[in-house]
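Because the structure is predicted, anything quoted here is derived from the model rather than measured.
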Amino acid sequence: MAVPAFVRRLERPVLLLLYALFAIVCLSKARIIGDGLEYLAMTQGFAAHGSPELRRADVADFRAMPPRALERARLRPDIMDGAIKRIEGEGVIELGFARALDGSVQAIHFWMYSLLAVPFYWLVTALGQNPFMALVALNLAILGIAAWRLRAWLPARTPELALLGIMGPLYYTVWIGPEVMAGCCVLLSTLALMRRDFAVAVALAGLGATQNPSIAGLILAAPCYWALLRLFPASAWDDAPPRRPRWAQGALVLAGIAAACLPYLHNQRQFGVPSIIGRYYNDVALATPERLFSFLFDLNQGLFIGFPAVLSCAAIVVWRVGGVRRRAWLLHAAIACLLSLGLALPTLTAMNWNSGGLLVSRYAYWTSMPMLAVCLAGLVRLDLRSRYLALGLALLLQGASAAQAWHSRTPSFLAHGRMAAWVLDHAPRWYNPDPEIFLKRERRREEFATHDQVVLHQGPHGATKLMRYWSNAGDSGGLCAPGSWLAA
């Protein structure tokens with residue numbers, strides 16, 4: 001279907017206008033969520049004294065912020081002062097900070113994302129605005145760069161750029177954290193693999209791995225992809241790889257590998273272990289088939305429940321793309337699924353599984369990007385009518401997914417979605433959420449599981465599901481009279 005000339009002329013101004021409106025909304029809604037305090041404090045540290053260390057002078061700078069800005073950011077400098085005192089004196093981990101070997105107070109997350117935000121921090125503070133808007137501005141800049149590269153590499157048009165926006169950034173750009181950075185790095189790295197631009201793929205994977213270590217798996221995938229395409233050249237998606245001098249390729253590969261290793265070297269130097277998060281906040285025993293199923297299909301935060309558009313876009317590509325091209329696309333789609341699973345498996349060990357996500361688990365957002373990448377690469381080979389059909393269906397499905405997860409002022413990660421609540425009310429045997437998901441969404445607050453807890457879900461006609469430890473089998477949560485117990 002031919003595109004009228006006036007539509008082509010209007011396309012870029014309209015996209016830029018929508019991006020500007022989205023940026024205004026995100027900056028106005030910026031809040032410190034999840035690990036945002038760590039990243040903000042490290043950005044402040046880099047801007048003030050050139051290091052990610054948290055110092056009392058940084059807390060004093062926060063205290064000097066206007067009261068309305070402190071309230072909006074939910075910043076409590078008095079709490080930070082107390083936390084620094086306990087971290088230095090008792091060696092506890094608090095607010096995401098820990099005592100380093102040299103006695104300084106350091107964040108347990110790596111600082112690359114915060115370092116990238118420093119120019120925006122200087123700009124925002126020079127304009128007299130709230131400093132935490134700098135990290136949202138960084139998210140917007142990363143999203144803009146990703147859209148720019150999609151237009152150059154695919155080349156993407158309005159349908160593909162809209163899909164990029166609704167598949168994660170729509171929810172996570174306002175989030176002060178590296179989710180958008182991770183998602184865009186994985187998306188572009190996967191597309192670079194498909195374009196046979198392996199050096200760029202490694203560099204982007206290394207950058208993303210500074211904040212989410214499992215993204216380093218894409219570095220290992222690059223030589224495997226290269227070998228596969230050498231053995232089966234007909235499966236290549238693009239006609240010819242981009243040309244780049246060997247020295248530039250080598251520099252990009254070395255930069256990517258060095259970036260992926262940098263967090264481990266930093267942790268070893270500061271805390272004496274390769275990963276302080278891995279030591280205290282991950283447990284390999286949690287990586288079970290049940291948790292993988294939860295990652296993909298949980299009714300509250302599963303990847304395919306929150307991002308049904310991935311499946312609809314894939315279906316349209318399979319339906320509309322030609323024969324030989326279809327076989328090549330299916331091969332790349334299968335590889336993308338394996339890449340997503342490979343990225344996901346290390347995240348299953350996280351203790352904080354109900355991870356404060358929006359619509360989907362934050363891990364599910366960036367691990368889904370290889371599948372989105374192959375969908376976008378397939379869509380640009382279709383006629384424009386099919387591409388807009390894919391966008392329309394995606395908008396419909398994503399709207400339905402967001403509507404069922406919406407809970408007014410209650411954060412989505414602290415309440416059951418409408419679909420999950422209905423199944424728990426009427427067919428509880430068909431939904432057995434991860435214990436942490438069940439606990440926090442029933443209690444509607446952040447809470448750690450203990451052996452004496454008994455958690456009940458109350459349906460319209462009474463309790464429908466009970467969660468307790470086997471060691472606490474005598475506690476029925478008030479369902480049984482004294483001296484009696486639930487039947488097995």
Side-chain angles (χ1 to χ4, degrees), residues 46 52 110-119 138 141-142 144-156 178 180-269 274-275 328 331-332 335-336 338-340 342-343 346 366-367 369-370 373-374 376-377:
F46 276 120
F110 192 58
W111 44 255
M112 181 62 74
Y113 174 73
S114 295
L115 180 62
L116 295 175
V118 170
L138 172 61
I142 291 171
I145 291 171
W148 169 53
R149 287 293 83 200
L150 284 183
R151 284 184 65 89
W153 287 357
L154 292 179
V180 171
M181 172 179 160
C184 290
C185 283
V186 173
L187 176 74
L188 295 178
S189 180
T190 305
L191 286 173
L193 289 176
M194 295 183 70
R195 298 176 72 240
R196 290 177 281 175
D197 197 351
F198 301 110
V200 168
V202 170
L204 288 166
L207 178 61
T210 60
Q211 301 300 154
N212 289 284
S214 67
I215 298 176
L218 293 175
I219 296 177
L220 302 177
C224 299
Y225 227 108
W226 175 85
L228 176 69
L229 295 178
R230 291 278 291 186
L231 290 172
F232 305 100
S235 63
W237 187 251
D238 283 328
D239 295 330
R243 295 184 177 277
R244 186 172 284 107
R246 288 186 179 274
W247 66 264
Q249 294 183 43
L252 287 168
V253 169
L254 289 175
I257 294 172
C261 294
L262 198 55
Y264 299 100
L265 298 174
H266 171 78
N267 272 258
Q268 188 67 47
R269 179 174 179 269
S275 172
L331 173 63
H332 288 280
I335 294 171
L338 292 176
L339 291 176
S340 289
L343 296 175
W366 51 266
T367 57
M369 289 299 100
V374 294
L376 296 180

Minimum side-chain heavy-atom gap [X]-[Y] below 4.5 Å:
{"X": "S235", "Y": "L229", "result": "yes"}
{"X": "Q268", "Y": "Y264", "result": "no"}
{"X": "W366", "Y": "I215", "result": "yes"}
{"X": "Y225", "Y": "H332", "result": "yes"}
{"X": "M369", "Y": "L343", "result": "no"}

First locate atom [atom1] of [X], then atom [atom2] of [Y], and finally report the distance between them rounded to the nearest 0.5 Å.
{"X": "F198", "Y": "I219", "atom1": "CZ", "atom2": "CD1", "answer": "14.5 Å"}
{"X": "Y113", "Y": "I142", "atom1": "OH", "atom2": "CD1", "answer": "6.5 Å"}
{"X": "L331", "Y": "F232", "atom1": "CG", "atom2": "CZ", "answer": "8.5 Å"}
{"X": "L115", "Y": "T210", "atom1": "CG", "atom2": "OG1", "answer": "10.0 Å"}

(Q) Take a 6.0 Å sphere around CZ of R269 and say whether it holds more than 12 heavy atoms from other residues, nucleotides or ligands. (A) no
Extract all donor-acceptor atom pairs below 3.5 Å that involve side chains of residues 181-195 and protein atoms in other chains or at least two apart in sequence.
{"from": "S189", "atom 1": "OG", "to": "A201", "atom 2": "O", "distance (Å)": "2.8"}
{"from": "T190", "atom 1": "OG1", "to": "V186", "atom 2": "O", "distance (Å)": "2.8"}

Looking only at heavy atoms, what is the nearest atom pair of [X] and [Y], with distance?
{"X": "A209", "Y": "P263", "value": "O-CG, 4.3 Å"}
{"X": "N212", "Y": "P178", "value": "ND2-O, 4.4 Å"}
{"X": "L252", "Y": "A199", "value": "CB-O, 3.7 Å"}
{"X": "A156", "Y": "L154", "value": "N-CB, 3.5 Å"}

Q: May I ask you to decide if the ring planes of H266 and W111 are parallel, tilted or perpendicular, using 30° and 60° as cut-offs?
A: perpendicular
Q: For the pair T367 (side chain) and S340 (backbone), establish whether a donor and an acceptor sit closer than 3.5 Å, ignoring hydrogens and angles.
A: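 No.
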